[in-house]
Amino acid sequence: MKILETVLEKRSLLSDKPSSTHLRGQYVSMEPLILERDAQPLFEMSNGSAIRLGSRSMQAYDPDELIWRYMFDGPFKNIDGFITSLQRQISVSNGLCLCVFDIATGIQIGVANLMNNFPSHLKIELGGIWYSPIVQGTFANTEATYLMLKHCFELGYRRIEWKCHALNERSRRAALRMGFKFEGIQENHMIVKDCNRDTAWFRLLDREWPEMHKNFEAKLYSELTKDARTK
């Protein structure tokens, strides 16, 4: 079946390196990551030391268990290694590294990437995503994911992918909770940190987005209202 010419024309409007963008919701905002501004605050929010965010606080924790175990890099012994990892994400030719901010405090709380971008096929991946433990289990991931999906589908992408280590049950649950469809396990997909990685693949298609858009907004409204009631 031939694809509509108007759909094909969208490919010419997209570059391999996603264009810089600023996304803003009710509780989180996202901007292209700037090392000089963001590296130190992000390191402090993810290195295992005690954290404070507004009125919330948490004691020291295991950063490998709560953030880095299934990521390509980390945990980091010092900020130099952390900066090197961020720089690699910033420098890729077909991705855009975004810093996630908590709007209420203006503090950096995580990182997300638009990556593995293939405009010729109108597909892109959301990946390299992590959040400080102090916001895990809150609205942050849901709203940030919603903002990225909305942005990409409005640009004309047909397929948005989500991949994670097959053992990363938390990421797999998050993908399903946010409406991605499971496509299967790619075995022996990568060697990461000298270990085998089987990869779980998920995707969301443009034809599914109108319904998922409504579901996202309903979920966000419920989560944000609940959060407001607890303050």
Side-chain angles (χ1 to χ4, degrees), residues 20-90 96-114 126-148 164-165 168-175 177-178 193 216 219-231:
S20 176
T21 186
H22 292 65
L23 306 175
R24 186 177 179 89
Q26 295 187 56
Y27 282 78
V28 301
S29 64
M30 309 177 74
E31 300 179 13
L33 194 146
I34 300 173
L35 288 175
E36 295 77 10
R37 179 193 65 193
D38 302 323
Q40 183 66 43
L42 286 170
F43 182 67
E44 293 173 359
M45 295 291 279
S46 63
N47 65 8
S49 57
I51 311 171
R52 177 170 293 277
L53 182 69
S55 61
R56 283 178 288 166
S57 63
M58 68 177 294
Q59 298 301 312
Y61 58 93
D62 181 350
D64 180 62
E65 179 183 357
L66 294 186
I67 303 176
W68 303 111
R69 182 161 299 169
Y70 298 112
M71 303 295 290
F72 289 111
D73 298 316
F76 302 93
K77 295 181 179 179
N78 55 60
I79 194 170
D80 293 336
F82 184 63
I83 288 174
T84 298
S85 176
L86 291 177
Q87 183 62 66
R88 281 197 296 267
Q89 295 171 66
I90 292 170
L96 178 66
C97 184
L98 296 166
C99 182
V100 185
F101 292 82
D102 173 66
I103 289 177
T105 62
I107 292 176
Q108 296 89 333
I109 57 173
V111 171
N113 288 266
L114 301 176
L126 310 186
I129 299 171
W130 64 264
Y131 295 95
S132 173
I134 202 164
V135 298
Q136 291 177 11
T138 71
F139 50 79
N141 188 29
T142 302
E143 186 170 50
T145 301
Y146 167 75
L147 292 173
M148 289 188 288
C164 63
H165 197 301
N168 192 345
E169 292 294 339
R170 186 167 55 184
S171 182
R172 293 178 65 168
R173 288 195 300 269
R177 176 172 59 84
M178 291 184 284
K193 299 176 181 176
F216 258 102
K219 183 185 297 292
L220 278 169
Y221 177 78
S222 173
E223 289 188 13
L224 297 177
T225 301
K226 180 174 66 176
D227 181 72
R229 288 199 301 265
T230 62
K231 291 185 177 179

- Message: Within the 4.5 Å heavy-atom criterion, are Ser29 and His22 side-chain neighbours or not?
- Response: no
- Item | Any residue meeting side-chain contact (heavy atoms from CB on, under 4.5 Å) with Asp80, in chain and number order, not counting sequence neighbours | Asn78
- Item | Point-to-point distance, once rounded to the nearest 0.5 Å, from CD of Glu143 to CD1 of Ile103 | 6.5 Å
- Item | Non-hydrogen side-chain atoms of Asn113 and Leu96 separated by less than 4.5 Å | no
- Give the intermediate values and the outcome of side chain to side chain contact (heavy atoms under 4.5 Å, CB included) for residues Arg177 and Thr142. CA-CA 9 Å; Arg177 176 172 59 84; Thr142 302; 2.9 Å; yes
- Can you name the closest pair of heavy atoms from Ala174 and Asn141 and give their distance? CB-ND2, 4.1 Å
- Item | Leu98 to Pro32 - nearest heavy-atom pair and separation | CD2-N, 3.7 Å
- Note on the structure: To the nearest 0.5 Å, atom OH of Tyr70 lies from atom CD of Glu169 at 8.0 Å
- Are side-chain heavy atoms of Leu147 and Thr145 found at a separation under 4.5 Å? no
- Query: Any idea which heavy atoms bring Ala140 and Ile109 closest together, and the distance?
  - Reply: CB-CD1, 4.1 Å
- Dump the intermediate steps for side chain to side chain contact (heavy atoms under 4.5 Å, CB included) on Cys164 and Arg172, then the final yes or no. CA-CA 7 Å; Cys164 63; Arg172 293 178 65 168; 3.4 Å; yes
- Message: Please find the pair of heavy atoms, one from Tyr131 and one from Ala144, that lie closest to each other, and give the distance.
- Response: OH-CB, 3.2 Å
- Query: Minimum heavy-atom separation for Arg170 to Leu66, with atom names?
  - Reply: NH2-O, 2.8 Å
- Query: Quick one: does Ile129's side chain get under 4.5 Å of Val111's, heavy atoms only?
  - Reply: no
- Message: Going by side-chain contact (heavy atoms from CB on, under 4.5 Å), name the residues that satisfy it together with Ile83, two or more places apart in sequence or in a different chain.
- Response: Leu35, Ala39, Ile79
- Write out all pairs satisfying side chain to side chain donor-acceptor pair (under 3.5 Å) with one or both partners inside residues 32-50, taking only residues at least two apart or from two chains. Glu31-Arg37, Asp38-Gln108, Gln40-Glu44, Asn47-Ser49
- Task: Under the salt bridge (charged side-chain N to carboxylate O under 4.0 Å, His left out) rule, what do Lys193 and Asp73 come out as? Steps first, then yes or no, please.
- Result: CA-CA 8 Å; Lys193 299 176 181 176; Asp73 298 316; over 6 Å; no
- Query: Are any non-hydrogen side-chain atoms of Met148 and Met30 less than 4.5 angstrom apart?
  - Reply: yes
- Message: Quick check for you: to the nearest 0.5 Å, what is the distance between Cys97 atom SG and Gln87 atom CD?
- Response: 9.5 Å
- With a 4.5 Å heavy-atom cut-off, do Leu33 and Leu42 have their side chains touching? yes
- Query: Can you check whether Phe76 reaches Ser85 side chain to side chain, under 4.5 Å on heavy atoms?
  - Reply: yes
- Could you list the residues that satisfy side-chain contact (heavy atoms from CB on, under 4.5 Å) with Thr105, not counting sequence neighbours? Leu53, Asp102, Ile107
- Message: Is the ring pair Phe216/Tyr146 parallel, tilted or perpendicular, if the boundaries are 30 and 60 degrees?
- Response: tilted
- How many angstroms lie between OG in Ser132 and CD1 in Ile51, if you round to the nearest 0.5 Å? 3.5 Å
- side chain to side chain donor-acceptor pair (under 3.5 Å) partners of residues 50-65, not counting sequence neighbours, each pair once: Asp64-Arg69
- Message: Under the rule for side-chain contact (heavy atoms from CB on, under 4.5 Å), what residues qualify as partners of Met71, not counting sequence neighbours?
- Response: Trp68, Trp130
